[in-house]
Amino acid sequence: MAILLSGRGSNMLSLLEATKIGVLQDLAEVVVVFSNKPDAPGLALAAAQGCPVASLPSQGRKRETFDAEAAALLQQYQPDLVVLAGYMRILSPAFIQPFAGRILNIHPADTHQHQGLHAYEWAFDNKLPATKITVHLVDEGLDTGPILAQQPVDLRGATTLAEVERRGLAVEHELYAKALAELIKTNTTRTSC
């Protein structure tokens with residue numbers, strides 16, 4: 001799988017660990033960690049773990065042009081799955097079409113209730129007693145693809161946004177690897193990625 005990130009890479013690290021000693025062991029391997037930000041801290045963390053890394057700066061570039069170049073770069077690594085792990089870009093058809101049906105994302109809300117950025121802030125500002133972490137396939141809409149897995153996050157007693165994020169990330173780190181493992185196990189054409 002190719003893992004895409006734009007920032008610190010906490011979900012990427014959890015997925016890497018799952019391929020070594022967790023639910024993805026003997027099921028998946030990371031062929032590349034990619035970022036649209038060459039200075040993303042997650043790239044250095046991935047490289048320190050021995051993963052191939054690649055980047056292509058997106059700032060100031062037209063979305064379709066950048067996405068076509070990014071897709072071409074990733075195709076060189078021949079990933080079976082493209083896993084978005086804090087990749088903070090809306091993907092255009094130029095990126096989605098080459099990997100159609102093979103791109104996954106994790107979203108810190110029920111995608112039927114909140115799409116896009118700031119989902120933890122949304123839950124905190126609305127004083128929700130719970131939110132859901134959602135793993136879904138990526139289609140050409142914004143967080144509209146088929147849901148593969150969801151898990152609730154109890155937010156009762158969370159008095160700060162940082163606490164909401166901490167609770168949510170703990171669930172994200174566990175759920176993403178489990179959802180990927182289930183997807184891979186049910187894939188009848190291949191047993192690993």
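As a basis for the values below, the full set of heavy atoms in this structure was taken, side chains included, without hydrogen atoms, waters or symmetry mates.
Panel note: side chain D139, backbone G141; a donor-acceptor pair is recorded below 3.5 Å.
Cluster partners of L117, using a side-chain heavy-atom cutoff of under 4.5 Å among ILVMFWY residues and allowing indirect links, are M88. Side-chain heavy-atom separations under 4.5 angstrom define the hydrophobic clusters, and the remaining members of the one that includes L142 are I90.
With sequence neighbours left out, the side chain to side chain donor-acceptor pair (under 3.5 Å) criterion links Q49 to K20. Take H114 and apply the ring-ring contact (aromatic ring centres under 6.0 Å, His included) test, not counting sequence neighbours, and it matches W122. Annotation: salt bridge (charged side-chain N to carboxylate O under 4.0 Å, His left out) contacts of R63 (sequence neighbours excluded): none. A search for side chain to side chain donor-acceptor pair (under 3.5 Å) contacts involving E140 returns Q97, not counting sequence neighbours. Residues forming a salt bridge (charged side-chain N to carboxylate O under 4.0 Å, His left out) with K37 (at least two apart in sequence, or on another chain): none. In terms of the salt bridge (charged side-chain N to carboxylate O under 4.0 Å, His left out) criterion, E17 has no residue partners (sequence neighbours excluded). Checked against side chain to side chain donor-acceptor pair (under 3.5 Å), S55 has no partners two or more places apart in sequence or in another chain. By the salt bridge (charged side-chain N to carboxylate O under 4.0 Å, His left out) test, D154 is found to be paired with R156, residues two or more places apart in sequence or in another chain being considered. The side chain to side chain donor-acceptor pair (under 3.5 Å) check on Q113 picks up nothing, with sequence neighbours excluded.
For R8, the CZ atom is loosely surrounded, since the number of other residues' heavy atoms within 6.0 Å does not exceed 12.
With salt bridges taken as basic N to acidic carboxylate O contacts below 4.0 Å, one links E163 and R167.
To the nearest 0.5 angstrom, R89 atom CZ is 10.5 Å from L4 atom CG. Summarising the geometry, atom CG belonging to D110 is positioned 11.0 Å from atom CG belonging to D143; distances are rounded to the nearest 0.5 Å.
Under the ring pair (Phe, Tyr, Trp, His ring centres under 6.0 Å) criterion, the residue pairs touching residues 84-103 are F95-F99, with sequence neighbours excluded.
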